Every structure is written in C-alpha cells, then in structure tokens.
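Quick caveat: nothing in here was measured; it's all calculated off a predicted structure.
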Amino acid sequence: MQELDYAKVGARIRQNRKTKGWSQDELAKRCGISMNFLGHIERGTKKMSLDTFVSLCRELEANADVLLFGASKADDNDSMYIQIMKSVADIMGSRDQQSS
C-alpha cells in the first residue's frame with residue numbers, strides 16, 4: 001500500500017480551503033478543531049484522527065482519495081483503503097443524522 005505523505009495531504013487540504021476562500025480559522029471552526037491544529041495538519045507536522053479527516057472531507061466537499069493521494073483513482077491496493085474510508089464516512093454521517 002502507498003505510504004501517506006502527510007505534508008502533501010496537508011498541502012492539498014490547504015489548497016482546497018483556499019479555493020473556497022476560507023481562512024484557517026473558518027475551516028477549523030467548521031470542523032470543531034483549533035486553528036493551531038489545522039495549521040499543523042496543513043504543514044504535515046501532526047497526524048489527524050479519522051473523525052477529523054472525515055470532517056475535513058465533508059466541509060471541503062472533497063473526495064478522500066483526492067486529499068490523500070492527489071488523484072481520483074488510486075491503484076488496486078489503495079482503492080480498498082479508500083473504500084473503507086468512504087464507508088466509515090457514510091456510517092458516521094448516518095450516525096450524526098440519527099442523533100440530531
């Protein structure tokens with residue numbers, strides 16, 4: 001399986017945020033994390049939880065595979081990982097809607 005480059009993941013998150021015209025503070029608030037932590041994520045100096053990653057994908061309206069690997073199609077080994085991530089995101093979204 002392809003190893004994640006956290007600096008590249010962070011750069012893609014930053015690019016998506018800037019495309020939306022949002023500050024770090026705005027995205028951080030939307031995701032329920034601190035602006036300081038988001039800065040670390042964008043620089044690739046700290047790893048985020050799956051919950052935080054799902055929240056970033058949801059708020060940025062970005063595909064997980066694009067943020068993780070920079071492409072919408074990954075090789076066969078990576079696509080299994082991506083499918084699992086998407087399934088978890090769907091389950092978490094359903095859980096959140098049920099608790100509302």
Side-chain angles (χ1 to χ4, degrees):
M1 181 157 76
Q2 182 179 351
E3 189 171 320
L4 285 177
D5 182 331
Y6 290 97
K8 288 181 180 177
V9 172
R12 288 188 283 270
I13 290 169
R14 179 185 299 114
Q15 183 59 45
N16 274 268
R17 173 181 60 77
K18 287 184 174 186
T19 298
K20 290 200 168 281
W22 294 345
S23 66
Q24 281 185 331
D25 188 49
E26 183 170 356
L27 179 57
K29 284 179 182 173
R30 288 172 174 262
C31 294
I33 60 176
S34 73
M35 187 175 72
N36 184 41
F37 184 52
L38 179 59
H40 280 287
I41 292 169
E42 289 186 351
R43 290 187 302 278
T45 56
K46 287 196 178 178
K47 295 179 182 179
M48 67 193 112
S49 69
L50 181 58
D51 287 344
T52 298
F53 181 69
V54 168
S55 182
L56 286 165
C57 289
R58 191 176 292 143
E59 292 301 325
L60 293 170
E61 299 174 327
N63 292 326
D65 53 346
V66 172
L67 291 181
L68 291 173
F69 304 109
S72 59
K73 290 189 175 184
D75 68 33
D76 290 338
N77 290 333
D78 291 334
S79 60
M80 175 65 78
Y81 177 73
I82 292 165
Q83 291 296 2
I84 292 168
M85 297 282 290
K86 287 180 180 178
S87 295
V88 170
D90 289 343
I91 290 167
M92 291 178 68
S94 296
R95 185 186 70 189
D96 290 345
Q97 288 175 354
Q98 289 175 358
S99 65
S100 296

* Neighbour count >12 (heavy atoms, 6.0 Å) for atom NZ, K20 -> yes
* Residues in side chain to side chain donor-acceptor pair (under 3.5 Å) contact with K29, at least two apart in sequence or another chain -> D25
* To do: Show your working on side-chain contact (heavy atoms from CB on, under 4.5 Å) between M48 and Y6 and close with a plain yes or no.
  => CA-CA 10 Å; M48 67 193 112; Y6 290 97; 5.6 Å; no
* To do: Would you check if the side chain of T19 reaches a backbone N or O of Q15 as a donor-acceptor pair within less than 3.5 Å?
  => yes
* pair F69-V9: side-chain heavy atoms closer than 4.5 Å -> no
* Are L50 and L67 joined in one hydrophobic group, where the rule is that I, L, V, M, F, W and Y side chains link up if heavy atoms are under 4.5 Å apart? -> yes
* Asked: Do L4 and L38 sit in the same hydrophobic cluster, where Ile, Leu, Val, Met, Phe, Trp and Tyr count as joined when their side-chain heavy atoms come under 4.5 Å apart?
  -> yes
* Asked: Under the salt bridge (charged side-chain N to carboxylate O under 4.0 Å, His left out) test, which residues partner R12, sequence neighbours left out?
  -> none
* Starting at OG1 of T52, measure out to NZ of K47 and round the result to the nearest 0.5 Å. => 14.5 Å
* **Separation of R17 CZ from E26 CD (nearest 0.5 Å)** => 10.0 Å
* Which distance, rounded to the nearest 0.5 Å, do you find between the CD1 of I41 and the CD1 of I33? -> 4.0 Å
* **Smallest separation among heavy atoms of A64 and C57, with atom names** => CA-SG, 3.9 Å
* **From L60 atom CG to W22 atom CH2, the distance as rounded to the nearest 0.5 Å** => 6.0 Å
* Closest approach of E42 and Q24, non-hydrogen atoms and distance? -> OE1-NE2, 2.8 Å
